[in-house]
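Step one of this worksheet: look at the structure below.
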Amino acid sequence: MVGLKPTEIPPTATVKFLGAGTAACIADLCTFPLDTAKVRLQIQGESKPTRSMTTIQYKGVFGTITTMVRTEGPRSLYNGLVAGLQRQMSFASIRIGLYDSVKQFYSSTGSENVSVLARLLAGCTTGAMAVTCAQPTDVVKVRFQAHMRLTDRTKRYNGTVDAYRTIAKEEGVRGLWKGTLPNITRNAIVNCGEMVTYDILKETLLKYHLMTDTFPCHFVAAFGAGFCATVVASPVDVVKTRYMNSTPGQYRNAVSCMLTMVILEGPTAFYKGFMPSFLRLGSWNVVMFVTYEQLTRAMMLAQKAWASPS
C-alpha cells in the first residue's frame with residue numbers, strides 16, 4: 001500500500017473544503033512558474049499600448065521561463081503568487097471541496113450509482129460558484145503574471161493590496177470582476193474536465209480492480225483529468241487571460257476579444273500556450289489530487305483520534 005489507507009468514515013464536507021484549499025495552495029506553489037509562462041504565451045501577439053511590451057518574444061515553455069529569468073529575474077516567475085494563493089483558498093475549496101456534496105444533491109439514485117449528467121451538473125455548479133467568489137483574486141493574479149518589467153523597472157502595482165485598490169479606483173468595482181463570464185465558462189469546463197474525469201477514472205480503476213485506492217490510482221486519474229481539462233478549456237482560457245489583462249477600452253467585451261484574436265491571429269491563437277497549460281494543469285492536478293486525498297484521510301484520522309483519546 002502507498003500512502004494512507006481510506007478511512008472507515010468518509011471525509012466530511014468540512015474536511016473536504018479545508019483539504020481542497022490547502023492541497024490547491026501546495027499545488028500552486030509547485031507549478032506557479034508554468035502558470036506564469038502560460039499567461040505570457042497566451043498574451044503574446046496581442047496589440048499593446050507601449051512598444052516595450054513587443055521587444056520580448058517567447059518561444060516554448062522552458063524558453064519563456066528562461067527568458068523571464070534572464071530579463072526580469074527569477075522572482076518574476078512568481079509574480080502574483082499571493083493573489084494566486086488567495087484565489088486557491090477561496091476557489092478550490094468551493095469547486096473541489098463541495099463537488100461531492102453538490103453531486104449527491106443532483107443525484108436521485110444514491111451515492112452508489114451517480115449518473116454522468118449529475119457529475120457534469122455538479123462540476124458546472126461548483127465551478128460557477130467558485131468564480132463568483134474568487135474572481136477579484138484571479139484578475140489580480142493575471143495582471144501580475146502578465147506584467148513585464150524591462151529597462152525602466154516600473155511596477156504596475158505596488159503589491160497585492162495596492163492592486164485591488166488601484167483596480168477598484170481606476171476601473172470601478174466592476175473592474176475586479178472583469179472577465180467573470182468567460183471565467184465562469186472556462187472554470188465550468190475545467191471543473192467538469194478535472195472533477196468528472198478524475199471521478200470517473202478513479203471509480204473505473206477501482207471497480208475493475210485495476211488499481212487499489214492509493215497513490216498510483218490517484219496519480220493516473222489526476223493526470224488524465226489534467227489532459228482532458230486542458231484540451232477542452234484552452235480556447236476560453238486564452239480569451240479569459242487576454243480580457244482580464246486588457247486595458248480599459250481595448251476590448252468591448254469577451255466576445256470582442258475573441259473575434260479580434262480570430263481576425264488578427266487566426267484560430268490557432270486559441271491554443272497559444274497549450275503546452276505550458278497542459279504541463280501546468282497536468283502537474284497541478286497530480287499534486288493537488290494526491291495531496292488532497294492524503295490530507296483528507298489524515299484529517300479524518302486526526303479527528304477520530306481526537307474524538308476517542310486513549
Side-chain angles (χ1 to χ4, degrees), residues 11 13-14 16-17 19-21 23-24 27-28 35 87-139 141-142 176-204 221-241 243-244 253-255 257-258 270-271 274 277-278 280-282 284-285 288-289 292-293 296:
T14 302
K16 291 178 181 178
F17 186 87
D28 247 28
D35 191 38
R87 173 181 180 270
Q88 293 300 351
M89 281 307 299
S90 55
F91 182 72
S93 296
I94 295 172
R95 77 177 184 91
I96 298 171
L98 299 183
Y99 170 78
D100 286 332
S101 298
V102 176
K103 181 177 70 175
Q104 294 306 316
F105 173 79
Y106 283 122
S107 177
S108 59
T109 57
S111 59
E112 296 301 320
N113 186 27
V114 181
S115 67
V116 174
L117 178 61
R119 299 175 203 256
L120 291 173
L121 288 172
C124 290
T125 301
T126 57
M129 289 168 57
V131 170
T132 303
C133 296
Q135 181 69 5
T137 62
D138 208 6
V139 172
K141 179 183 80 75
V142 168
L176 291 170
W177 269 267
K178 189 173 188 177
T180 300
L181 183 58
N183 208 14
I184 285 178
T185 304
R186 183 254 183 193
N187 281 291
I189 294 171
V190 168
N191 210 37
C192 287
E194 288 180 349
M195 295 305 301
V196 176
T197 303
Y198 180 82
D199 206 12
I200 292 175
L201 280 176
K202 179 184 172 183
E203 188 177 279
T204 302
F223 188 82
F227 180 77
C228 289
T230 308
V231 171
V232 298
S234 279
V236 72
D237 188 33
V238 175
V239 174
K240 179 215 75 167
T241 297
Y243 187 59
M244 281 184 177
N253 48 45
V255 175
C257 177
M258 178 187 69
F270 289 116
Y271 281 91
F274 178 83
S277 290
F278 171 59
R280 197 263 174 174
L281 265 181
W284 190 92
N285 272 271
M288 196 288 300
F289 277 114
Y292 171 65
E293 295 278 8
T296 53

Distance, nearest 0.5 Å, that separates [atom1] of [X] from [atom2] of [Y]:
X: N187; Y: T126; atom1: CG; atom2: OG1; value: 10.0 Å
X: K240; Y: T180; atom1: NZ; atom2: OG1; value: 11.0 Å
X: K16; Y: T14; atom1: NZ; atom2: OG1; value: 11.0 Å
X: D138; Y: M244; atom1: CG; atom2: CE; value: 4.0 Å
X: Y243; Y: L181; atom1: OH; atom2: CG; value: 9.5 Å
X: D237; Y: T230; atom1: CG; atom2: OG1; value: 9.0 Å

- Task: Look at atom CZ of F223 and say whether more than 12 heavy atoms of other residues, nucleotides or ligands are closer to it than 6.0 Å.
- Result: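 Open.
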
- Between W284 and D35, is there a donor-acceptor pair closer than 3.5 Å when you use the side chain of the first and the backbone of the second?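 No; judged by distance alone, with no hydrogens or angles, the pair does not exist.
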
- Message: Using modelled atom types and a 3.5 Å cut-off, is there a donor and acceptor pairing between side-chain atoms of S93 and backbone atoms of S90?
- Response: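 The answer is no, because no donor-acceptor pair under 3.5 Å joins these two groups.
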
- Task: Indicate whether the side chain of Y106 and that of T125 have a donor and an acceptor atom separated by less than 3.5 Å.
- Result: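 Per modelled atom types, Y106 and T125 side chains form a pair under 3.5 Å.
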
- Message: Looking only at side-chain N and O atoms, does D199 offer a donor or acceptor that is under 3.5 Å from a partner on Y99?
- Response: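 There is such a pair (donor and acceptor under 3.5 Å, judged by atom type) between the side chains of Y99 and D199.
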
Would you name the heavy atoms of [X] and [Y] that are closest together and state the gap between them?
X: V239; Y: C257; answer: O-SG, 4.0 Å
X: A20; Y: A92; answer: CB-O, 3.6 Å
X: V102; Y: A122; answer: CG1-CA, 3.8 Å

Does any part of the side chain of [Y], heavy atoms only, come nearer than 4.5 Å to the side chain of [X], both counted from C-beta?
X: F289; Y: M195; answer: yes
X: S115; Y: S107; answer: no
X: F274; Y: V231; answer: yes
X: T137; Y: F91; answer: no
X: C133; Y: I94; answer: yes
X: M258; Y: F270; answer: yes
X: Q135; Y: N183; answer: yes
X: N285; Y: E194; answer: yes

- Verify side chain to side chain contact (heavy atoms under 4.5 Å, CB included) between M288 and E293, making sure each step is shown before the conclusion. CA-CA 9 Å; M288 196 288 300; E293 295 278 8; over 6 Å; no

- Message: For T185, run the side chain to side chain contact (heavy atoms under 4.5 Å, CB included) check against V236, V190, V131 and tell me which one passes.
- Response: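 Single side chain to side chain contact (heavy atoms under 4.5 Å, CB included) partner of T185 among V236, V190, V131: V236.
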
- Item | Worked verdict on L121 versus K103 for side chain to side chain contact (heavy atoms under 4.5 Å, CB included) | CA-CA 8 Å; L121 288 172; K103 181 177 70 175; over 6 Å; no

- Answer yes when R87 and D28 have at least one side-chain N-carboxylate O distance shorter than 4.0 Å, and no when they do not.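 Looking at D28 together with R87, the answer is no, because their closest N to O distance does not fall below 4.0 Å.
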
- Query: How are the rings of F227 and F278 set relative to one another: parallel (under 30°), tilted (30 to 60°) or perpendicular (over 60°)?
  - Reply: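 F227 vs F278 ring planes: perpendicular.
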
